[in-house]
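So the structure is just underneath, and the comments pick up after that.
None of these values were measured; they are calculated from a predicted model. Sequential numbering from 1 along the given sequence is applied to the chain's residues.
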Amino acid sequence: FAAGSGAFRVETPDAGAFGKGSAFVGEANTPAAVYYNPAGLSQIKGVQVAVGGAILGPQVDYKPTSGDEVQMRRNKFFIPHFYASVPVANKLTIGFGATSYFGLGTEWANDSPLKYIATESVIENKDYMLTATYQMNDQWSVAVSVENDESKVSLKKKFNLGVSDGDSQLKAKDDAFGYRLATLFKLNDQNQFGLMYRSRITHQYEGKAYMESGDPTFLAVFGPSYETKITQKMTLPQSVILGYSFKPTSKWTFNFDLEWMDWSSIKHQAVNFTDETNTTRLSILNAGNPASRDWSSVFSEAVGAEYAATDRLRLRTGYYHHNS
């Protein structure tokens, strides 16, 4: 079980690492290193595969300045993951991975105080990683990773032009690429360090906006229903992660991670109605657009521990903190 706030970041990429608070960049000794630190694949002998998944249940309550508290509807999301490590030469290892580490799902009642902001929001990202790891010597390994991020967005909300509410929806999708650079340095049998840089991924979404209403003003300007092409730009943040793993005995492992994530890449949310030229329609469509975000870069910390009770049983605990 975990609770936290990290914008629309999803931090459930592997059960073993998550059991240590996702503090794993300095250790990275399982196929999940494809996600956490691909340079760690040099530690894995033979072909290894890891498959799993997580159930995510976001929970948010909202209390307006006047009125009763409202709750977001409780939805559950299943997030699978797959990782594979394949040695192809004496010092070269190839890794494959698939998971989702950005996403969002919210749903509010159609009569809630938030209905003009959002009744249903979905950001669905699927991430595929291909990595190459090279072991420079017994102490030092380096890696490069290319990743593809498939993203879909959907936003539903109410709007009002004076008499009655109408329904609007925005749907768009995009494919974009990024990369990672990583290294792992083993000082000795007790101490090793990991460092990974994850690049920005810039999406240029394309899709459509839909609107319908029985409001007289809407009918006069748009007709009973309306749709138009939209585009929108969004940049997933770059990050730098430093990890340290300490193994004082054969049974104990302690991990520490520090991450800087550049959420300042998201300054505003702007929807462009590329095919619309009517100034009256545009004045209505652009009400509240662009929406200011002005997010800031933040640090996150994680600490984890593992005790090897037997050859088959590992006991783990961990804690992480994400700034909102």
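Between I44 and N29 there is no side-chain heavy-atom pair separated by less than 4.5 Å. A heavy-atom distance below 4.5 Å is not found between the side chains of S265 and L236. Residues T217 and L219 have side chains not in contact (no heavy-atom distance under 4.5 Å, counting atoms from C-beta outward). V70 is listed as a side-chain neighbour of W108, based on a closest heavy-atom distance under 4.5 Å. Counting heavy atoms from C-beta outward, W260 and V298 have side chains that stay 4.5 Å or more apart. Within the 4.5 Å cutoff, no side-chain heavy atoms of Y205 are placed close to those of T231. Residues F254 and Y244 form no side-chain contact, since every pair of their non-hydrogen atoms from C-beta on lies 4.5 Å or further apart. In this structure, the side chains of T133 and L92 stay at 4.5 Å or more apart for every pair of heavy atoms.
With E276 contributing its side chain and N278 its backbone, the two residues share a donor-acceptor pair below 3.5 Å. Side-chain N or O atoms of Q43 include one that pairs as donor or acceptor with a backbone N or O of A28 at under 3.5 Å. The main-chain N or O of T274 is never found under 3.5 Å from a side-chain atom of N272 such that the two would form a donor-acceptor pair. Judged purely by atom type and a 3.5 angstrom limit, R281 uses its side chain to pair as donor or acceptor with the backbone of V221. With hydrogens and angles ignored, the 3.5 Å screen pairs no side-chain donor or acceptor of R316 with any backbone N or O of R314. Using a distance-only test at 3.5 Å, with no hydrogens or angles considered, no donor-acceptor pair links the side chain of Q232 to the main chain of Q204. Between the side chain of D257 and the backbone N or O of E301, no donor-acceptor pair lies under 3.5 Å. Under the 3.5 Å distance criterion, the side-chain polar atoms of D262 are left unmatched by any main-chain donor or acceptor of Q238. Listed for the S168 side chain is no donor-acceptor partner under 3.5 Å among the backbone atoms of M211. When atom types are taken as modelled, the side chain of T183 and the backbone of S141 share a donor-acceptor pair closer than 3.5 angstrom.
Using modelled atom types and a 3.5 Å distance limit, the side chains of S145 and T131 yield no donor-acceptor pair. Using modelled atom types, one finds a donor on one side chain and an acceptor on the other under 3.5 Å when comparing S297 with S264. Between the side chains of E259 and Y320, no donor-acceptor pair is found at a separation under 3.5 Å. A donor-acceptor contact closer than 3.5 angstrom links the side chains of N125 and S151. In this model, a donor atom of one side chain and an acceptor atom of the other lie less than 3.5 Å apart for S22 and Y36.
The side chain to side chain donor-acceptor pair (under 3.5 Å) contacts involving residues 284-294 comprise K267-D294, Q269-R293, N286-N289, where partners must be two or more places apart or lie in separate chains. Under the salt bridge (charged side-chain N to carboxylate O under 4.0 Å, His left out) criterion, the residue pairs touching residues 223-244 are K208-E227, with sequence neighbours excluded.
For CG of L313, the number of neighbouring non-hydrogen atoms (other residues, nucleotides, ligands) closer than 6.0 Å is greater than 12. Other residues, nucleotides and ligands contribute more than 12 heavy atoms inside 6.0 Å of the CG atom of N137. Atom CG of D68 is surrounded by 12 or fewer heavy atoms from other residues, nucleotides or ligands within 6.0 Å. When the shell of 6.0 Å around NZ of K115 is examined, it contains more than 12 heavy atoms from other residues, nucleotides or ligands.
Taking Ile, Leu, Val, Met, Phe, Trp and Tyr as members and joining any whose side-chain heavy atoms lie under 4.5 Å apart, directly or through other members, the hydrophobic cluster of V51 also contains V49, F82. If you chain together ILVMFWY residues whose side-chain heavy atoms come under 4.5 Å of each other, V25 ends up grouped with M196, I241.
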Taking only distance into account, with no hydrogens and no angle test, what donor-acceptor pairs under 3.5 Å do side-chain atoms of residues 153-160 form with protein atoms, sequence neighbours excluded?
unit_1, atom_1, unit_2, atom_2, d
S154, OG, Q169, NE2, 3.4
K158, NZ, D167, OD1, 2.6
N160, OD1, G162, N, 2.6
N160, ND2, D165, OD1, 2.9

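For the atom pair CD (Q59) and CZ (R73), the distance works out to 15.5 Å, reported to the nearest 0.5 Å. Summarising the geometry, atom OG1 belonging to T12 is positioned 4.0 Å from atom CD1 belonging to I79; distances are rounded to the nearest 0.5 Å. The CD atom of E124 sits 14.0 Å away from atom CZ of F8, with the distance rounded to the nearest 0.5 Å. One distance of note links CZ of F299 with NE2 of H321; it measures 13.0 Å at 0.5 Å rounding.
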Practice item. Please report the C-alpha distance between Y83 and H81 in whole Å, then the side-chain angles of each, then the deciding distance to 0.1 Å, and finally whether the ring pair (Phe, Tyr, Trp, His ring centres under 6.0 Å) criterion is met. Key: CA-CA 7 Å; Y83 306 107; H81 60 256; 5.5 Å; yes

**Study point:** Audit row: D61, M72, side-chain contact (heavy atoms from CB on, under 4.5 Å) steps and yes/no
**Key:** CA-CA 6 Å; D61 296 334; M72 187 179 76; over 6 Å; no

Point to revise | Criterion ring pair (Phe, Tyr, Trp, His ring centres under 6.0 Å) on F193 and W140, from CA distance to verdict | key: CA-CA 10 Å; F193 300 85; W140 186 28; over 10 Å; no

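Under the salt bridge (Lys or Arg N to Asp or Glu O under 4.0 Å) criterion, E150 pairs with no residue, sequence neighbours left out.
No single ILVMFWY cluster, assembled from side-chain heavy atoms under 4.5 Å apart, contains both V122 and Y210.
The salt bridge (charged side-chain N to carboxylate O under 4.0 Å, His left out) test with E306 singles out one residue from K247, K251, K20, and that residue is K20. Of the residues listed (D149, V10, N148), the one engaging D127 in a side-chain contact (heavy atoms from CB on, under 4.5 Å) is D149, and it is the only one.
We find that K63 and E69 are not joined by a salt bridge, their nearest charged nitrogen and carboxylate oxygen being 4.0 Å or further apart.
Cation-pi geometry between R180 and Y101 is satisfied (NZ or CZ under 6.0 Å from the ring centre, within 45° of the ring normal).
Closest approach of M129 to A98, counting heavy atoms only: CE-N, 4.1 Å.
Between Y197 and Y179, the two ring planes are tilted [angle within 30° to 60°]. Taking the six-membered ring for Trp and thresholds of 30 and 60 degrees, W252 and Y307 have ring planes inclined between 30 and 60 degrees apart.
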